[in-house]
Each structure stands twice: as C-alpha cells, then as structure tokens.
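So that the names make sense, note that chain A is the first sequence line, chain B the second, and so on, each numbered from 1. Source: prediction; values computed, not measured.
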Amino acid sequence: MDFTITTPLYYVNDKPHLGSTYTTIACDAIARFHRLEGDNVIFITGVDEHGQKIERSAKKSNKSPQEYCDSITQSYLNLWDRWSITYDSFIRTTSTHHCSLVYEFYQRVSESGDIYLGKQQGWYCVGCEEYKDEGPNEISPSCPIHKTNLEWRNEENLFFRLSKYQKQIEEIVSRPGFIRPQSRRKEINNFVSQGLKDFSISRVNLEWGLPVPGYTGHTFYVWFDALLGYLSALNRNTLPVDLNQLKDKGWPTNVHVIGKDILRFHSVYWPAMLLSAGLDLPNSIFGHGFLTREGQKMGKTIGNILDPLELLNDYGADPIRWYLLKDIEFGVDGDFQQNRFKDLINNDLANTIGNLVNRTTTMSRKWFNNAVPTFTMNSEDTSQLCTDCLATIKCVREAMYDYDLKKSSTAILELAVKSNAFLSASEPWTRIKDIMNKELVAYELYSVLESIRIIGFLLLPLLPDLGMKILNQLGITSIPITWKNNLKWGLLAKGSLLPSPNPIFNKIL
RNA sequence: GUCAGUGUAGCUCAGCUGGUUAGAGCACAGCAUUCAUAACGCUGAGGUCGAGAGUUCAAGUCUCUCCACUGACACCA
C-alpha cells in the first residue's frame with residue numbers, strides 16, 4: 001500500500017525554526033512507522049520560495065531572490081540531514097518541473113471554466129501588505145497597526161471560482177476524519193457555511209513568482225503555487241507533466257500535516273482546486289498546534305527563539321523528539337519548558353528505559369554465561385508480561401495509525417514501567433541464590449529481555465537512535481525493513497550472546 | 001464586537017451520559033535497597049475542580065452571569 005504524507009512547504013522567508021522542525025519530526029515518525037508496517041511510503045517536504053517577503057528579505061541581504069532562496073533552502077536541507085529526517089522527496093517551488101506542473105494544473109482549472117479576470121478592490125495597507133475590512137465608503141481610513149493612511153486599490157487579478165464548489169466543500173469538510181483533530185472541524189465548518197467567495201490567484205505587483213501564461217505582468221499567487229508543490233513532489237522531474245499519472249505515483253496523500261494556521265487553505269481552497277482539476281482529494285488534513293517556550297510565544301522581538309540546530313547540538317535528536325512527541329498532544333499547542341524537558345528525558349529515557357535495559361542485560365550476563373538465558377517450556381507463554389507486550393503492540397500500532405503520537409509513546413513507556421515492576425516483584429537477584437530457582441529466573445529474565453526487544457522495535461519510528469541502541473544491547477544489529485515478523489512474543493534467540501552493557505542513554509544536565 | 005474552545009494538585013494533563021473520602025505522571029518528602037545509569041520499588045504530603053448564583057436528595061460533571069487566556073471571523077505565510 002502506498003502511504004503518502006506531507007509537511008507544509010516551508011516559507012523560506014527566514015531561517016528554519018523549531019515549529020517547522022516539530023512538524024517535520026512528527027511526519028518523520030509517522031513515515032518511519034508506515035515503512036515498518038510495510039507500506040510504500042512517500043514522505044514529502046519542501047520549500048515555498050516565491051512571494052514579496054522573500055523578495056524583500058533578499059534585497060535586505062543584498063542577494064537576488066534566487067540566491068537568497070538557494071541559501072535558505074540549503075539550510076533546510078542541512079537541518080533535515082542533521083536531524084536524520086527520512087523524507088523521500090524534497091520540492092522547491094522555484095524548480096522548473098514545478099513550474100511546468102503549475103501551468104498544467106492551471107490549464108485544467110481554466111478548462112473547467114473556473115478562472116476569470118476580476119477586480120480586487122479595497123483599502124490596502126502597504127505596511128501590512130494586505131487589504132483591510134474598511135468599507136468602500138470610508139473616508140481616508142488608517143491602519144490600526146501602522147497608523148498610516150490606507151490607499152484605495154483597484155487591482156486586476158485572476159480569480160478562482162471557489163463559490164462554485166460550495167456544496168461539495170461543505171460535504172467534504174464534514175466527512176469524519178477529513179479534518180483532524182476533530183476539534184478544528186467546527187471552525188472550518190463555520191467558515192464554509194458563511195458562504196465561500198472566489199479568491200484571487202494572481203498578483204500584478206509581485207515580481208518574484210511564476211508568470212501567468214497569457215497575462216503579462218501577472219504572477220501566480222501563493223496558494224496557486226505553493227499547494228501545487230505537493231503534486232510536483234510526486235511527479236518528480238518527469239516532463240512533460242501528466243497529471244493523470246499522479247495516481248500511480250502516490251496521489252492522493254493520506255495526510256497533509258500542517259500548522260493550524262494554514263488549515264483553511266488546505267481544507268477548503270485546496271480541495272476545491274483539486275476538484276476543478278479533476279484530481280483526487282487528500283484523505284485528511286492534520287492541523288497541529290504551536291509551540292511556546294516557558295509559556296511565552298517565541299519571537300524575535302522577545303529574543304526567546306529556540307534554534308533547532310542548537311537544540312540538536314546540545315541534546316541530540318532523541319531527547320527533543322521524545323519531548324515533542326510524547327509530552328505534547330499532537331494537534332494541541334505545547335509549551336517547551338527547560339525543567340520539564342530535563343526531568344522528562346532523564347526519567348523516561350535514562351531511568352525507566354535505559355536502566356531497565358542495563359539491569360536486565362547485566363543480570364543475564366552474570367548468571368547465564370554472558371548470554372540470553374535458556375530454559376525449557378512446553379506450553380504457550382501466558383505470563384502477564386507477555387500479555388502486556390502484546391497489548392502494547394496493538395495499542396501502539398492503533399495509535400500510530402490514528403496519528404496519536406503521544407498515546408503511542410506513552411504506551412511504550414508504560415511497558416518499560418511494567419517491566420521494571422515485574423523485576424521488582426520477582427526479584428531474580430534473590431531467587432538466583434538458590435540454584436533450584438535457576439530455571440525460573442531464566443524464564444523471568446528472558447521475559448524481560450523479550451519485553452525490552454519489543455520496546456526497542458516499537459521505539460524505532462519515534463526515537464530511531466535509541467531504539468537501535470536498545471536492540472544492539474540485545475545483540476540484534478540488523479533491522480529488517482518491516483517489523484511484521486518481529487512484533488511477536490518469544491523471538492529472542494535463547495543462548496545468544498549479549499554484548500557488555502553500555503548505557504544507552506546518558507542523563508542530561 | 002460575533003462565534004468557538006480552554007480554565008482540575010508546583011508542572012503536563014485524565015475525569016463518558018451528575019452519585020461513596022477528585023485521579024495519573026513528573027517535581028517534592030519519607031522508607032527500603034543493589035540486579036542496575038544514587039537507578040528501580042513502596043508510602044506520603046499537595047487541589048474551596050477560574051469566580052458567583054441556580055436546578056437537584058446529590059455537580060468538577062447540567063443552567064445562567066461574570067473573569068482570564070486561546071483560536072476563527074477570507075487572500076500574511
């Protein structure tokens with residue numbers, strides 16, 4: 001089965017920030033999960049490189065827009081590389097094949113009769129770069145933010161006939177599971193029910209964009225450019241573009257993961273555009289929350305921005321991934337707190353999971369010739385730990401299919417807690433003193449090792465490095481492409497050698 | 001302003017259709033302890049459930065009012 005997932009195409013107006021890193025990490029975890037499930041995953045990310053802000057930023061740094069884009073885009077690529085993001089396709093909206101696709105798409109929408117020339121009128125604030133709500137009868141209104149006079153603009157733009165799709169969009173938006181999390185659905189429903197208005201898809205005062213064929217001076221406006229990047233990413237470099245072939249390349253996506261701020265464009269504009277072009281619709285749109293830091297919005301003016309590259313250098317990928325995926329519910333706003341971060345990481349990764357691996361392998365090596373204990377058992381294992389493991393596997397998989405990363409991580413951690421409790425209850429270190437108990441101790445330690453093995457596998461999508469280290473401690477060094485045959489009880493080879501214990505995770509300070 | 005959502009222990013949150021002393025994890029305190037990364041385990045302290053009023057035998061859970069924060073209210077990504 002194909003599984004296609006996208007991050008937004010990030011606006012290269014500025015250096016990558018933690019927000020885009022968060023989205024990308026979440027998508028990476030989901031993508032890794034589906035690969036292990038055996039799906040043919042296409043994980044798309046990329047950059048949106050057109051627009052006035054970029055033009056301006058470029059000017060500020062004395063570069064041409066293209067040079068500017070090149071440098072910021074490179075920093076995205078570097079960042080994803082450093083974070084070991086396993087994307088399959090990276091799309092730039094300045095690439096020539098993207099341009100061809102936009103034309104092809106435009107052609108189709110045009111043929112559907114959904115493009116027309118209209119006027120964009122209104123009071124415009126140059127500072128905000130946007131039209132204000134003031135009515136046409138106002139006399140010299142001013143911008144509440146900039147306190148400057150608004151100018152009346154009467155601009156010729158191409159429009160997309162969104163209003164034509166009112167009925168269909170209403171139906172699509174109310175499909176269960178289309179907009180996630182559910183809590184955001186009402187918002188969009190509300191918006192749609194107010195009546196959809198056509199929106200403009202071209203600009204005349206914007207140089208840095210794709211020129212609209214047949215309309216000199218017009219360039220495509222953001223949503224008729226950036227959104228199409230998802231299609232270009234699948235089309236790769238194939239020319240000429242054939243939109244009909246997208247079906248074989250992974251379209252439609254299973255999910256567009258985006259920040260909640262651009263939910264409307266993805267759940268309303270985008271489906272309408274796709275309908276017009278005769279293409280299938282994405283299965284779902286997932287709008288996640290925003291991150292704050294110590295309760296405050298992150299921003300340049302406050303100077304409290306967390307730089308993803310610095311975080312990575314300071315702590316490594318796994319701790320940050322764990323914090324973002326386990327402590328913050330995917331879809332809800334989250335807060336990054338240094339203290340909480342430290343406590344959570346040390347507790348979960350070092351004390352609970354790390355120590356579990358360490359103590360168990362140490363005991364096994366000590367009493368069973370540096371190897372996984374051997375014992376005989378003639379009936380099927382129905383121990384509590386075995387049951388717990390199977391339940392955890394089920395829970396984790398279901399949660400991941402539902403994009404519930406928090407639930408999934410929590411379930412894995414709970415298995416580690418249960419395994420620790422199991423050791424405390426069975427006290428192998430006491431029992432082993434009586435040689436008669438050796439068989440029982442062997443069985444119990446084996447159970448815990450087995451549980452650790454399952455924890456290691458289940459952790460692979462969320463914390464790829466730590467998951468691998470755990471498996472290494474069990475002497476497992478190669479990971480199969482899918483885990484279907486590994487997520488079962490009793491697969492750890494009895495008597496196989498265990499490497500000498502090495503803390504898999506060191507506490508952070 | 002209109003609409004929606006949130007407000008429960010220091011922190012992050014559970015609490016479905018109202019029903020005995022309001023829960024979990026972390027942080028904190030004590031006990032115990034080596035198999036282990038002073039880790040694990042056990043116990044404990046911590047809340048007038050945003051405020052006020054009302055319905056009810058009974059409300060964190062329903063109604064109303066108010067307060068605080070967040071989001072949406074169309075072309076900023």
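Salt-bridge check for A:Arg175 with A:Glu171: passed, with a basic side-chain N closer than 4.0 Å to an acidic carboxylate O. Salt-bridge annotation for A:Asp70 and A:Arg92: present, with a side-chain N of the basic residue lying under 4.0 Å from a carboxylate O of the acidic one.
Annotation: B:A27 and B:C42 have their P atoms spaced 14 Å apart (nearest Å). B:G1 and B:U12: their P atoms are spaced 28 Å apart (whole Å). Taking atom C1' in both B:A22 and B:A14, the straight-line distance is 11 Å, to the nearest Å. Comparing the C1' positions of B:U48 and B:U43 gives an interatomic distance of 27 Å, to the nearest angstrom. Nucleotides B:U56 and B:G15 place their P atoms 29 Å apart, quoted to the nearest Å. Rounded to whole Å, the separation between the P atoms of B:G30 and B:G23 comes to 25 Å.
Residue A:Leu413 is out of contact with every strand shown, counting any heavy-atom pair closer than 4.0 Å. A:Thr362 comes within 4.0 angstrom of sugar-phosphate atoms only, judged by non-hydrogen atoms across all strands, and of no base. In this structure, A:Asp48 reaches the sugar-phosphate backbone alone: every heavy-atom distance under 4.0 Å involves primed, P, OP1 or OP2 atoms, never a base. Among the atoms of the strands shown, none is found under 4.0 Å from any heavy atom of A:Tyr10. Across all strands shown, A:Leu356 has no heavy atoms under 4.0 Å from either base or sugar-phosphate atoms. Residue contacts shown for A:Gln337 are limited to sugar-phosphate atoms, with no base heavy atom under 4.0 Å away.
At least one cation-pi condition fails for A:Lys53 and A:Tyr11: the charged atom is not both under 6.0 angstrom from the six-membered ring centre and inside a 45 degree cone around its axis. Relative to the six-membered ring of A:Tyr221, A:Arg203 meets both conditions, a distance below 6.0 Å and an angle of at most 45° to the axis.
Among B:C35, B:A77, B:G71, the nucleotide with an atom closest to any side-chain atom of A:Trp367 is B:C35. You'll find that the side chain of A:Asp343 is closest to B:C26, out of B:A74, B:C26, B:A36. In the set B:A39, B:C35, B:C3, the nucleotide with an atom closest to the side chain of A:Asn190 is B:C3. Here the side chain of A:Lys53 is nearest to one of B:C76, B:C26, B:A36, namely B:C76. The side chain of A:Ser200 sits closest to B:C75 out of B:C40, B:C75, B:U70. Relative to the side chain of A:Lys406, the nucleotides B:A77, B:C75, B:U12 differ in distance, and B:U12 lies closest. Looking at the side chain of A:Ala350, the nearest of the listed nucleotides B:U37, B:A77, B:C40 is B:U37. Of the candidates B:U12, B:C35, B:A74, B:U12 carries the atom nearest the A:Asp327 side chain, counting heavy atoms from C-beta on. Checking B:A77, B:C40, B:C75 against the side-chain heavy atoms of A:Ser424 singles out B:C40 as nearest. The side chain of A:Asn358 sits closest to B:A36 out of B:A39, B:A77, B:A36.
B:G46 adopts a syn glycosidic conformation, its chi angle falling within 90° of 0.
For the atom pair OH (A:Tyr106) and CG (A:Asp114), the distance works out to 11.5 Å, reported to the nearest 0.5 Å.
Searching all strands for a Watson-Crick or G-U wobble partner of B:U61 with both distances below 3.5 Å returns nothing. Across the strands present, B:C35 finds no partner; the criterion is a Watson-Crick or G-U wobble pair with both atom distances under 3.5 angstrom.
The two residues A:Leu227 and A:Phe265 make their nearest non-hydrogen contact at CD1-O, 4.1 Å.
Under 4.0 angstrom from either OP1 or OP2 of B:A77 there lies at least one side-chain N or O belonging to A:Tyr221. A close approach under 4.0 Å does not occur between any side-chain nitrogen or oxygen of A:Lys342 and OP1 or OP2 of B:C26. Between A:Asn347 and B:A27 there is a side-chain polar atom (N or O) within less than 4.0 angstrom of OP1 or OP2.
The CD1-C1' distance, from A:Ile345 to B:U37, rounds to 15 Å in whole Å. B:A4 atom C1' lies 14 Å from atom CD of A:Gln182, rounded to whole Å.
Note on ring orientation: taking the six-membered ring where Trp is involved, the planes of A:Phe336 and A:Phe341 are tilted (angle from 30° to 60°).
In this pair, A:Phe199 does not lay its aromatic ring on the base of B:C75; centres under 5.5 Å and planes under 30 degrees do not both hold.
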